[in-house]
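Structure, as structure tokens:
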Amino acid sequence: MVRDKILVIGASGQIGVELTLALRQMYGEASVVASDLREENPLLKGTGPYVSMDVMNKEMLHVQIIRQNITQVYHLAAILSATGEKNPGLAWHLNMQGLLNVLEIAHEEKLHKVYWPSSIAVFGPTSPKQHCPQQTIIEPTTVYGISKYAGEFWCNYYFNRYGVDVRSLRYPGLISYKSAPGGGTTDYAIEIFHEALEEKKYTSFLKEDTYLPMMYMPDAIKATIELMEADAKNISVRTSYNVSSMSFSPKEIGEEIRKHIPEFTMDFAPDYRQNIADSWPQSVDDSVARKDWGWQHEYDLERMVKDMLGNLK
Ligand code: NAD
Ligand code: AKB
């Protein structure tokens, strides 16, 4: 059996840091090359190889993949929903061209597998709000959502046309404490912990009753690795899988935090991100992922809040 060598693109980001560390535990430090446009995240230093790289530079990406004998790529570099609305052209350019560069090289170099995350942002105001199904009306209204939906179909295209084994998850908003979030609409659910511990109060940029699908990072890493380890014959979705674990509103997470920090108070000052949140479903149905490759989450709101506060303290 050929030993896999992995390249993580966007390794210094919120997901990249934790995914790189998890992959290094599984495959060995030297077998996972971290790369990013920005400097190496301090948590990655000394844990394995790092290269500074721009995914938009296709030649450099190609050279690195050949030079390092890469067989799998996890492509995480993207501009997220809130930042994307500030510069739609740039978000479209990075989110699309970066993915096309990876898919084209994966095809040319016959890479074993590619991972690329999509998002619940593919759904729009016309999608069902509750238990949004795997297949449904999908009319995204943010540039981020449009780029993710188009990306899903590029993945499907490269799988069907060239046999590139590319796999994908539609992550909900991800909550974590190791690495800072990168400009999403769901970032309030991370900021709230830091402010609760430091200031004992938080002003949410989303209204108190805005429910969104969310997931704790350990579950997101578990889902990613389980999908990538699954037998190819069990992968029936080559666009991107819905995955879900919890759904809550700013008010609900505030109340859960107050169980641990009784003096914590919240107020609400919705900004431009409210429109983005209002366009997304409140919960998603991930029964296809559960049936195909046995997906099961571990963290609900209560367990996640306890773990976040314990680690941030
Ligand atoms: P992030 O912004 O924290 O990290 C992205 C990383 O990509 C950053 O370190 C950035 O420096 C790097 N990057 C940007 N441009 C680059 C380029 N041209 N070349 C190389 N690296 C570049 O984002 P994240 O939250 O870790 O998200 C990773 C992926 O997961 C993205 O595709 C995102 O859309 C998706 N996703 C994230 C969430 C979430 O809640 N975090 C939810 C759904 C989907
Ligand atoms: C964002 O809010 O942009 C991300 C996402 C749900 O894709 N967290």
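The first residue in the sequence is number 1, and the count goes up from there.
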Original post:
Side chain of Lys200, backbone of Pro262: donor and acceptor closer than 3.5 Å?
Top reply: no
**OP:** Name the orientation class of the two ring planes belonging to Trp154 and Tyr157 (parallel below 30°, tilted from 30 to 60°, perpendicular beyond 60°).
**Re:** perpendicular
Original post:
Is the shortest distance from a Lys or Arg side-chain nitrogen in Glu255 or Lys259 to a carboxylate oxygen in the other one below 4.0 Å?
Top reply: no
Subject >> Atom pair CD (Gln97) and OG (Ser147), whose distance is rounded to the nearest 0.5 Å >> reply: 12.5 Å
Original post:
Does the side chain of Asn242 pick up a donor-acceptor pair with the side chain of Arg170 at under 3.5 Å?
Top reply: yes
Original post:
Taking Val73 as the fixed residue, which of Val8, Leu103, Ile65 is the one that meets the side-chain contact (heavy atoms from CB on, under 4.5 Å) rule?
Top reply: Ile65
Subject >> Heavy-atom donor-acceptor pair, Arg3 side chain to Tyr27 backbone, under 3.5 Å >> reply: yes
Original post:
Counting N and O atoms only, with roles assigned by atom type, does the side chain of Thr136 sit under 3.5 Å from a partner on the main chain of Pro133, one being a donor and the other an acceptor?
Top reply: no
Original post:
Got a donor-acceptor contact below 3.5 angstrom from the Lys222 side chain to the His297 backbone?
Top reply: no
Subject >> Point-to-point distance, once rounded to the nearest 0.5 Å, from CD1 of Ile9 to CD of Gln64 >> reply: 10.0 Å
Original post:
With a 4.0 Å cut-off, would you call Asp165 and Arg238 a salt bridge?
Top reply: yes
Subject >> Sidechain-backbone polar pair: Thr83 side chain, Leu80 backbone, donor-acceptor under 3.5 Å >> reply: no
Original post:
Is the closest side-chain donor-acceptor distance between Tyr211 and Glu252 under 3.5 Å?
Top reply: yes
**OP:** Please confirm whether the backbone N or O of Gly13 pairs with a side-chain atom of Ser179, one donor and one acceptor, at under 3.5 Å?
**Re:** yes
Original post:
Looking at side-chain heavy atoms only, is the closest gap between Glu226 and Trp295 below 4.5 Å?
Top reply: yes
Subject >> Given Glu152, Gln134, Gln135, the one that forms side-chain contact (heavy atoms from CB on, under 4.5 Å) with Val237 >> reply: Gln134
Original post:
Can you check whether Ile15 reaches Tyr171 side chain to side chain, under 4.5 Å on heavy atoms?
Top reply: yes
Original post:
At what distance, to the nearest 0.5 angstrom, does NZ of Lys306 lie from NE2 of His260?
Top reply: 7.5 Å
Subject >> Short side-chain donor-acceptor distance under 3.5 Å, His62 and Glu109 >> reply: yes
Original post:
Pairs in or reaching into residues 274-299: which pass salt bridge (charged side-chain N to carboxylate O under 4.0 Å, His left out), with residues at least two apart or in two chains?
Top reply: Asp286-Arg290
Subject >> Gln282 versus Ser247, side-chain donor and acceptor atoms under 3.5 Å >> reply: no
Subject >> Pair Glu191-Tyr202, side-chain donor/acceptor within less than 3.5 Å >> reply: yes
Subject >> Flag, side chain of Ser81 to backbone of Thr185, donor-acceptor distance under 3.5 Å >> reply: yes
Original post:
Any side-chain heavy atom of Val32 sitting closer than 4.5 Å to one from Tyr74?
Top reply: no
**OP:** Linking directly or through intermediates, with side-chain heavy atoms under 4.5 Å: list the remaining ILVMFWY members grouped with Leu21, chain and number order.
**Re:** Val17, Leu43, Leu44
Original post:
Taking atom CG of Asn311 and atom NZ of Lys313, what is their separation to the nearest 0.5 Å?
Top reply: 10.5 Å
Subject >> pair Met266-Ser204: side-chain heavy atoms closer than 4.5 Å >> reply: yes
Original post:
Of all heavy-atom pairs between Ala78 and Asn95, which one has the smallest distance, and what is that distance?
Top reply: CA-OD1, 3.4 Å
Original post:
Rounded to the nearest 0.5 Å, what separation is found between the CD atom of Gln14 and the CG atom of Asp187?
Top reply: 7.0 Å
**OP:** For Thr47 and Arg24, test the side chains for any donor-to-acceptor distance below 3.5 angstrom and give the result as yes or no.
**Re:** yes
Subject >> Joint hydrophobic cluster, Leu111 plus Leu100, side-chain heavy atoms closer than 4.5 Å >> reply: yes
Subject >> Atom pair NZ/OG of Lys129 and Ser283 - distance to nearest 0.5 Å >> reply: 10.5 Å
Original post:
Just wondering, do Ser249 and Thr210 contact through their side chains at under 4.5 Å, heavy atoms?
Top reply: no
Original post:
Heavy-atom distance under 4.5 Å between the side chains of Tyr115 and Leu169, does that happen here?
Top reply: yes
**OP:** Report yes or no: does Arg167 contribute a side-chain atom to a donor-acceptor pair with the main-chain N or O of Leu227 at less than 3.5 Å?
**Re:** yes
Subject >> Within-4.5 Å side-chain heavy-atom neighbours: Ser12 and Tyr50 >> reply: yes
**OP:** Answer yes or no: is there an ion pair linking Lys207 with Asp209, defined by an N-O contact shorter than 4.0 Å?
**Re:** no
Subject >> Aromatic centroids of Trp293 and Tyr241 separated by under 6.0 Å >> reply: yes
Subject >> Passing option when Cys155 is tested against Asn160, Val114, Leu99 for side-chain contact (heavy atoms from CB on, under 4.5 Å) >> reply: Leu99
